[in-house]
Number of protein chains: 2
Amino acid sequence: MANKTKYVYFFGGGKAEGKSQMKDILGGKGANLAEMTNLGIPVPPGFTISTEVCTYYSQNKNTYPPGLRGEVEKALRRMEELLGRRFADPDNPLLVSVRSGARASMPGMMDTILNLGLNRLSVKGLAKKSGNRRFALDSNRRFIQMYGDVVMGVKGDALEEVLANLKKEKGKAKDTDLTAEDLEILIDRLRTTAEKESGRSFPDNPDDQLWGAIGAVFGSWNNPRAITYRSLNRIPDDWGTAVNVQAMVFGNLGDSSATGVAFIRNPSTGEKLFYGEFLPNAQGEDVVAGIRTPQPITRAQKQPGDAESLDELMPKPFKELEAVYQNLEKHYRDMQDIEFTIEDGRLWMLQTRRGKRTAQAAVRIAVEMVDEGLIKPEEAVARVTPDQLSHFLHPAFDPQEKKEVIAKGLPASPGAAVGMVVFNAEDAEQWAKDKKDVILVRVETSPDDIHGMNAAQGILTARGGMTSHAAVVARGMGKCAVVGCGALEIDYEKGLFRVGDRVIKQGDYISLNGSTGEIILGQLKKSDPDLSSPAFARFMQIVDKVRTLGVRTNADTPRDCRKARELGAEGIGLCRTEHMFFAPDRIPAVREMIMADDEAGRRVALNKILPMQRGDFVEIFRVMEGLPVTIRLLDPPLHEFLPHTEAEIQELVQTSGIPADRLKAKLIALQEANPMLGHRGCRLGITFPDIYEMQVRAIALAAGELIRDEKRKIHPEIMIPLVGDWKELKILRDLTKQTVEKVQEEMGIKYDYLIGTMIELPRAALTADQIAEYAEFFSFGTNDLTQTTWGLSRDDAGKFLGAYIKAGIFPIDPFASLDQQGVGQLIRMGVEKGRKTRPKLKVGICGEHGGDPASIIFCHQVGLNYVSCSPFRVPIARLSAARAAIGAGTGEGD
Amino acid sequence: MANKTKYVYFFGGGKAEGKSQMKDILGGKGANLAEMTNLGIPVPPGFTISTEVCTYYSQNKNTYPPGLRGEVEKALRRMEELLGRRFADPDNPLLVSVRSGARASMPGMMDTILNLGLNRLSVKGLAKKSGNRRFALDSNRRFIQMYGDVVMGVKGDALEEVLANLKKEKGKAKDTDLTAEDLEILIDRLRTTAEKESGRSFPDNPDDQLWGAIGAVFGSWNNPRAITYRSLNRIPDDWGTAVNVQAMVFGNLGDSSATGVAFIRNPSTGEKLFYGEFLPNAQGEDVVAGIRTPQPITRAQKQPGDAESLDELMPKPFKELEAVYQNLEKHYRDMQDIEFTIEDGRLWMLQTRRGKRTAQAAVRIAVEMVDEGLIKPEEAVARVTPDQLSHFLHPAFDPQEKKEVIAKGLPASPGAAVGMVVFNAEDAEQWAKDKKDVILVRVETSPDDIHGMNAAQGILTARGGMTSHAAVVARGMGKCAVVGCGALEIDYEKGLFRVGDRVIKQGDYISLNGSTGEIILGQLKKSDPDLSSPAFARFMQIVDKVRTLGVRTNADTPRDCRKARELGAEGIGLCRTEHMFFAPDRIPAVREMIMADDEAGRRVALNKILPMQRGDFVEIFRVMEGLPVTIRLLDPPLHEFLPHTEAEIQELVQTSGIPADRLKAKLIALQEANPMLGHRGCRLGITFPDIYEMQVRAIALAAGELIRDEKRKIHPEIMIPLVGDWKELKILRDLTKQTVEKVQEEMGIKYDYLIGTMIELPRAALTADQIAEYAEFFSFGTNDLTQTTWGLSRDDAGKFLGAYIKAGIFPIDPFASLDQQGVGQLIRMGVEKGRKTRPKLKVGICGEHGGDPASIIFCHQVGLNYVSCSPFRVPIARLSAARAAIGAGTGEGD
């Protein structure tokens, strides 16, 4: 018997068998109910059936493990004893709720059955006990509807119709207008309809009701919506869900009752302020469903027009609630999302869980909790995902811009979104595929809309509060959302919505401001985000303390360099010199160089380019003073600098005086079947050493000038691209060294500089041990390395990338996130082989992947010294690096 | 003293301190002189200074190791004792030759100084001893010329002019007309000129002469020509050369003296017949220099017009020579190239070495020696290089073709060559670079001409015999050569040659038949080689017994398949299906398929292509019955099948009725920046499964038909190209299986077939363990694997390949011979990982490298099951595989 598996975990009376660390077998909800119980917080007693039963249930044709029924029986008896009520007691019945609760929050599964235990007998007991027959009957009516819908599988509409018909019959407008007698009729009709529609008899015995509900929860683990959600969110199928059975408490017993949800800190801004919504005389589902507009919890959060707040209306239970939340905050050391019910003036806690929050809130809460001594810097880092931080860096509307606000809703998820109106998830997805930006407009959203919300730029709903489905999901996605905008009249059929006289049709542009709740007509311009928030600055300080991986930037202009430095870049990992060649004042000289027939002619043109390049480098070095600047020598094939269309060619002939036939002959000579694999990179340096020599000379002169004349600290790192063999590097390294040394001699100064190479060909990674002999640093060019390793042209992959992602061949576009299995293997090999030859070899990455969180974590793991990414990704990279250092991963969206 | 290095190795009097295995320290010549001495063969006594002295000499500023002088002294004394002559003796002087001799035969170094030891005193001794004053003086004259030229560095012309002037002065036409008195004057003048030109005094002391000559030999190891030769032939610089000092014997003592060279078997045909040339009353250099036309050794080899043969002229020494060569053949078990001198009726052997031979001779000698029991099959395999065998497969002229033979020379190196006449090596090289075929025409060739000979299609000389420089080098290169064509009057200045009245100018076409010696006007057509030689067939039998690596062929047509099978292919390693798409009767349907807007439209067109493809496969399967046939599904991007130039587009619009705008729109839609990395290979199969389905269906139907209706044994292997990830292969493997099984079901038969994949992307090699789960075989597509590993487009590499080879970055074009260090690493990885998952995985290679000897040896080493190459390379591949099996390498050209 000692080995017998325990399936049922009891909580109640101040003690629980579970605890919050047992999420794997109790699910999040169950574990936290146990934890709260142990903390002495008033939680209605109950028990959790472990996730292992769910797994057993799926694997054994929907049967239960032996012994389970006995354990449930025993737990029920303990509840009865603790509360002095009995299941199905005609005088004092025990009613329970049955809820699912998996390890990870998982929409799509069966959620809740309330008031279970009610039948013809116990409804009378509840009436007697509560002194409120109508309440008892209404509870029974709700139970039958829920049970019929969720457990018996009756289509929601059939039972809703019964209700609607009765109201019509009785000439009653609202549910609450129905009398006790009406409700008795309704109960009968609902049972009859449920039985007819489902072909099953409605269980009267509370035990049957209970097992029916338990089976429905376990069964819902494998419903299609739940399966899709899991596969999207990479939740293993064998985790299973737990079932929580808990004594009912009633927020709808009258005016001294209420139900609500709250956040310990503001989930939108992160402000340290208790924040939430409640409804008096209501059951919990009423708040979340967004049918009635909830009231604020505290006076502080009241907006003009809001109804009374909880602290005004029920000061005593509010005080208790305050004590509870402070207890929870201290205990969990994180912002919690709590659910409570006040039954006849008495506070009961029904749930606590990690509160979802906006990026802004996540950062502010993390920072403030570190400063309050609640958490350590590493924990702060773990609590903000790179995805969240990226919202910080998202654009917002220019506050100065003239705009026509047509309505205002709740600012449910901050940010700014512009797009065409669509009215359902399918359209949203389809239009987005066609490269259209869309705003999904719904009365309210449901889990069925997830894919459309994901495809949309922003979400707008007519109903529901800050904790409605739309609001919660949008915040999780970091997607701009405005909810509960009652001014909207949506006509799905006609594909339009009205705001007063104004008609907005499907396809019309609107703009949403998720931070103010404004709905604006047309397309507003978005502008750069404001990164001046002190919380952000403080958070990035914490991040930098935790990380070990360096973060540089890819920048070619002094402006980008300045921006990147502001955002925390510790140097330039990739300064492309070809962009400088394209400037209108330079391209003539560049073309002259290309058109030259021999070295002498090339040198004449190169001598014109030299002072311009030197000037570029002077500017960049000055901005980046004190930090390393990696400059890549010319990489693209020369034909990229020549015109290609007939019109461009004619124009060049006109302006340059180059004869058309010579130009065309050159174009033909330079034409390439596969330019990606052509005459570029160091191959240019080998065949036209004078070009590289000019560039190196410009670098050396620029550095020398600043060092000699301005006494600045300049750290040039010269990078040779597209090396495949050590001999290429040796030849160009010699050329580079000679050139720099010659300049130094001419200028009469000496300074340090490095010579290194890109590793962007499989062969370079494979022979990195040899290449490292001649390289002081490596920088993985993962764009090209991905192209060559996969044999996949980034410019051409579009034709089948979609099909590949759909077929699951690419879990994700390999140009967006590093293919760790294939390309990653070469990186690992390159690092290992390189360091074998040169143990202190400095290694970085400068492909697009340098700004991708998952790729950055990989870079940390394989021991890179730094990543380099575009300026705006620098903070994301810093955070990802810090998370890598503490093994936190990219994190799932909250 | 026990550890003292020995530097000098004596041979003479029937005993030698060295032996043939000591080539590393004695060089080839020295080792063989020692070996012959030990065999009891008459060799003039002498000694060899080891190669270690050469290394010491280069590394120690041209000085000698301590002790060397003593050892040389001692060896000289032993020679003196043995011969009863003394160095510099006025009555009976010892004269010596000094020759270089490295481990590998190496033109470019100082070769020979003869008659060393002659001075004012000893010349009298020699006159007295030989009873021939004129001979003694002429020997001295020759010595001074040679020594002045080679050791003192006087330009050859200066000394030649002295001789010419004297002849003019004395009114003498030939050297032999000069009297003893003339020669005495000449000797004085030559010494004076040598001293004046070199600024050094001419050494009178034979010891000084000897050390001067030794230093010149060691010094010549590092002259530019020798360095170039070594780098071209990958001979390590630290091997060094030995110096052979040997007592002189004289072939020019009168009519009972002679000198000659001979081959134990015919070096041109391989026939088992003693074969050689000699000159009576001459020194060895006269034969090789090609100044006098030599006489045949045996009656058997005499041609009409030839002078008396050696066996006719000097039967006794000839008998001795026969005994010697039979002894040598038995001892060395290989065809030897020997040098001899007959001094006053007495035979002396001066050299034996492995005889260079034509490909034909190599094969025939190897085969016959196996059949004579002289060597083992493995040795036969080791003695024919893939290069040699390839000459077997070279074209020849059609014997039926009408031709105008303008002259005939010696058939020095067989084969057929057609090209434009050039008169120097520089032009030959330059014109060849300009893609012109050239024939290098010279009076005679020298080591300075090597690069030009290499660049030329064939070589024609006016002077010299079958052992002249031109003949020996051309045979080694496997290059067609006709030599000693005295009818030619070459005018370098005017850039022409005359044959009788006919004038052939630089740039005119001629054709050479290296097997007949014919020189033909104009461009003759070359035809396929005749492979019906029984020696070839027998040799290939031996080869096949030795090898373990399979050899398949790359063939797309029944004709190629038949040819390949004839040449020994054991299956098809790569049958490309796209070539079938290009046939004029099919391309309309292919284009219809490409132009289709949807799957339905595509299927209509595919249904037209299906029976054609099935027909192709039926033919190929029938030819290859009993052997595996690997068919690769469609690989190139679809745009390759559409027209591209405006004219082609218009034509298609006319003939197909496809509207021009639709066609152009399709062309734009299909355009790719890098087609090599684009929408091709299995990516087509993933996006257009119906195309692959049609192809698989055609294969399955073709195989089924032959198996069911003709009861043939058919082994189809279906190959999916360009796989980068196992998921691609899984999807297409499933499609392939389903399609084949459906056909089998329809036809009511079952047969075995394999499904495999190309490994041609780095990622495929990196993840071969996963891919092998779904592949029954791998075939390395090393063309694409080289392109992707190096990031190098084969179509575009031409722009810098030359510069790369020149800079030593590519030791050889990586598309011609596998880059073992880079690409090879991926192959090794692919094989290892693949076999880890599937130990019996069949692995082959089907890139161009499958026909390259060095690459084939690599394939054997990494454990491939087979290589696949073009039909004409199959015998080369079989030989290379056999050589790999015995660790013989590609072999150096003989």
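Below, chains carry the letters A, B, ... as their sequence lines are ordered, and counting in each starts from 1.
Only the backbone of B:A669 comes within less than 4.5 Å of a heavy atom in chain A; its side chain stays farther off. If you measure heavy-atom distances from A:I731 to chain B, the contacts under 4.5 Å come from the side chain alone. The part of A:Q770 that comes within reach of chain B is its side chain, from C-beta onward, which places non-hydrogen atoms under 4.5 angstrom from that chain. Both the backbone and the side chain of A:A673 come within less than 4.5 Å of a heavy atom in chain B. Heavy-atom distances place the backbone of A:L670, and not its side chain, under 4.5 Å from chain B.
Counting heavy atoms from C-beta outward, A:T789 and B:T788 have side chains that stay 4.5 Å or more apart. Two residues are said to be in side-chain contact when any heavy atoms from C-beta on lie closer than 4.5 Å; A:L677 and B:L677 meet this criterion. For the pair B:L766/A:Q821, no side-chain contact is recorded, criterion being any heavy-atom separation below 4.5 Å from C-beta on. Counting only heavy atoms from C-beta outward, the side chains of A:W790 and B:D725 approach each other to under 4.5 Å. B:I686 is listed as a side-chain neighbour of A:Y804, based on a closest heavy-atom distance under 4.5 Å.
Atom CE of residue A:M829 and atom CE of residue B:M829 lie 3.5 Å apart, to the nearest 0.5 angstrom. In this structure, CZ on B:F800 lies 6.0 Å from NE2 on A:H679, to the nearest 0.5 angstrom. How far OG1 of B:T687 is from CG of A:L801: 12.0 Å, rounded to the nearest 0.5 Å.
For the options A:D784, A:T767, A:D819, A:V823, heavy-atom pairs under 4.5 Å to chain B are most numerous at A:D819. Heavy-atom pairs under 4.5 Å with chain A peak, among B:L722, B:L684, B:L792, at B:L792. The candidate with the highest count of non-hydrogen atom pairs below 4.5 Å against chain B, out of A:A807, A:G808, A:A803, is A:G808. Put simply, of A:G791, A:A765, A:A797, the one with the most heavy-atom pairs under 4.5 Å next to chain B is A:G791. For the options B:P675, B:G678, B:G681, heavy-atom pairs under 4.5 Å to chain A are most numerous at B:P675. For chain A, the option among B:M676, B:E672, B:R683 with the highest count of heavy-atom pairs below 4.5 Å is B:R683.
Among all heavy-atom pairs drawn from B:N674 and A:D796, the shortest one is N-OD2, 2.8 Å.
Partners of B:K833 under the salt bridge (Lys or Arg N to Asp or Glu O under 4.0 Å) rule, at least two apart in sequence or in another chain, do not exist in this structure. With sequence neighbours excluded, the residues forming a ring-ring contact (aromatic ring centres under 6.0 Å, His included) with A:Y774 are A:W726, listed by chain and number.
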